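Beneath this line is the structure, given in structure tokens, with notes to follow.
Owing to the predicted nature of the structure, the values given are computational and were not obtained by experimental measurement. Along the sequence shown, residues carry numbers from 1.
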Amino acid sequence: ALKLIYAVLYGDMLMLLYNQCKPYEIKKNSTDELLARWQHRLGKLFNTKKYLTPKPIYNAMLNDSAALPKTKEQKPKVGIVGEIYVKYSPLANNHLNDFLLSEGCEPNVPGLLDFVLYCASDSINDSKIYNKRTSKSLLFSIGYDVLYKFQKQQIKVIEEHGVFQPPHDFEHLRKCADKYINQGVKMGEGWLITAEMAALAET
């Protein structure tokens with residue numbers, strides 16, 4: 001379970017850094033090469049206990065990504081939101097990420113952790129809406145608090161590094177959703193899609 005959580009955290013970080021470096025790389029495929037090196041390195045880290053201390057790993061990822069030679073130009077940022085499989089799978093979205101890169105855009109894809117937090121928050125919302133607290137909703141509430149702390153830590157490290165744009169804070173996403181839709185709407189990706197669209201529009 002711990003490895004699954006950290007895999008999501010590290011995967012989100014790699015995706016965020018890749019999308020903020022790839023459109024601006026000077027040496028062709030240098031970003032892809034860095035991504036492959038980090039995927040290999042993380043595979044080895046997961047065979048040790050070192051993966052349990054994410055801050056130095058985040059900083060190493062950030063430093064390696066910042067060191068890539070990049071242009072100074074500004075490109076249009078295009079957000080990708082939607083159903084969870086279609087959002088991340090090139091097979092399902094017809095290689096949308098690659099297409100946007102080829103069109104001179106910077107893809108901006110919200111992380112998988114947001115979806116995990118969304119699933120946890122739905123159970124908590126249900127317990128409030130229907131006034132029915134159960135052991136399940138209590139477990140989800142504890143899980144939400146733990147995962148949210150992980151996200152806050154990641155955002156703080158990125159902000160302190162100062163080079164890359166951090167992901168949206170999930171509590172901020174919830175406030176964005178509240179302007180347009182009730183958090184009781186949870187079919188499929190429910191209110192999360194609206195929240196991501198609103199937050200991406202801000203940035």
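Checked against side chain to side chain contact (heavy atoms under 4.5 Å, CB included), Lys186 has the following partners two or more places apart in sequence or in another chain: Tyr118, Asp122, Asp126. Evaluation of the salt bridge (Lys or Arg N to Asp or Glu O under 4.0 Å) rule for Asp169 yields Lys152 as partners, not counting sequence neighbours. In terms of the salt bridge (Lys or Arg N to Asp or Glu O under 4.0 Å) criterion, Glu33 has no residue partners (sequence neighbours excluded).
At a cut-off of 3.5 Å, with distance as the only test, a side-chain donor of Gln183 or Asp178 sits close to an acceptor on the other residue. Inspection of the Asn63 and His161 side chains reveals an N or O donor paired with an N or O acceptor under 3.5 Å. In summary, the side chains of Asp12 and Gln151 do not present any donor paired with an acceptor at a separation below 3.5 Å, with no hydrogens or angles considered. Side-chain N/O atoms of Glu202 and His172 include a donor and acceptor closer than 3.5 Å. Side chains of Trp38 and Asp64: a donor on one and an acceptor on the other come within 3.5 Å.
Side chain of Lys70 to backbone of Leu68: a donor-acceptor contact under 3.5 angstrom is found. The main-chain N or O of Leu117 is found under 3.5 Å from a side-chain atom of Ser121 such that the two form a donor-acceptor pair. Ser65 places a side-chain N or O within 3.5 Å of a backbone atom of Met61 that can act as its donor or acceptor partner. Between the side chain of Gln154 and the main chain of Leu9, a donor-acceptor pair closer than 3.5 Å is present. Side-chain atoms of Glu106 never come within 3.5 Å of backbone atoms of Pro76 as a donor-acceptor pair (strictly under, hydrogens ignored). No side-chain donor-acceptor contact under 3.5 Å links Lys22 to the backbone of Asp32. A donor-acceptor contact shorter than 3.5 Å links the side chain of Gln20 to the backbone of Gln165. Between the side chain of Gln39 and the main chain of Gly43, no donor-acceptor pair closer than 3.5 Å is present. With Asn93 contributing its side chain and Val86 its backbone, the two residues share a donor-acceptor pair below 3.5 Å. Side-chain atoms of Ser123 do not come within 3.5 Å of backbone N or O of Ala120 as any donor-acceptor pair.
Taking the ring centre of Tyr180 as origin, the terminal cationic atom of Arg174 falls outside the region bounded by 6.0 Å and 45° from the ring axis.
More than 12 heavy atoms of other shown residues, nucleotides or ligands fall within 6.0 angstrom of atom CZ in Phe46.
A centroid separation of 6.0 Å or more is found between the aromatic rings of Tyr51 and Tyr10.
Residue Leu42 holds its CG atom at 13.0 Å from NZ of Lys50, rounded to the nearest 0.5 Å.
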